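None of these values were measured; they are calculated from a predicted model.
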Amino acid sequence: MDFSEVESKVLDFRKARDWQRFHNPKDLAISISIEAAELLEIFQWSGTDLKVENKLADAKDELADILIYCIYMAHALEINIPDIINEKLDINNMKYPVQKAYGNAKKYSEL
């Protein structure tokens, strides 16, 4: 399934429940943040255990929630998600040229 099919399915799900009227940018931003916090909670107190195997199902569930709310936000703001991702990648390519950023976790202003 490609992105436009997924996007349509997400928006159709919401439309069938008449939830769009609740989905203003402020509340959607809050919801994205809450779901991101729930994703973080999966890893809370895990210490040095950075393995995801035992947490993968929960992580997928929370990530799906985040992405669904992002689709709702983009729809509310009339933003095309593939376009803004491509625009951001172009900006990041200029900020983080491969020859300077390869294998380096520093911020672009520190490269």
Min side-chain heavy-atom separation [X]-[Y] under 4.5 Å:
| X | Y | answer |
| --- | --- | --- |
| His23 | His75 | no |
| Met94 | Asp90 | no |
| Lys107 | Tyr96 | yes |

Is there a path from [X] to [Y] through hydrophobic residues (I, L, V, M, F, W, Y) whose side chains come within less than 4.5 Å of each other?
| X | Y | result |
| --- | --- | --- |
| Ile79 | Ile85 | yes |
| Met73 | Phe3 | yes |
| Tyr108 | Val98 | no |
| Leu77 | Ile30 | no |

Closest approach of [X] and [Y], non-hydrogen atoms and distance?
| X | Y | value |
| --- | --- | --- |
| Cys70 | Ile81 | O-CD1, 4.1 Å |
| Asp65 | Glu35 | OD2-OE1, 3.2 Å |
| Leu111 | Ala101 | CD1-CB, 4.1 Å |

Say you draw a straight line from [atom1] of [X] to [atom2] of [Y]; how long is it, rounded to the nearest 0.5 Å?
| X | Y | atom1 | atom2 | answer |
| --- | --- | --- | --- | --- |
| Ile34 | Glu41 | CD1 | CD | 12.0 Å |
| Asp2 | Glu5 | CG | CD | 4.0 Å |
| Lys60 | Leu39 | NZ | CG | 13.5 Å |
| Ile68 | Ser31 | CD1 | OG | 12.0 Å |
| Ile32 | Tyr72 | CD1 | OH | 11.5 Å |
| Ile42 | Glu62 | CD1 | CD | 5.0 Å |

Using the rule side chain to side chain contact (heavy atoms under 4.5 Å, CB included), only one of Glu7, Lys9, Arg14 pairs with Ile71; which is it? Glu7
Taking atom types as modelled, find out whether Asp27 and Asn24 have a side-chain donor-acceptor pair closer than 3.5 angstrom. yes
May I have the step-by-step check of ring pair (Phe, Tyr, Trp, His ring centres under 6.0 Å) for Trp19 and Phe13, ending in yes or no? CA-CA 9 Å; Trp19 288 348; Phe13 176 89; 5.7 Å; yes
Under 3.5 Å, is there a donor-acceptor pair between the side chain of Asp61 and the main chain of Ala57? no
Would you call Lys15-Asp18 a salt bridge at under 4.0 Å N-O? no
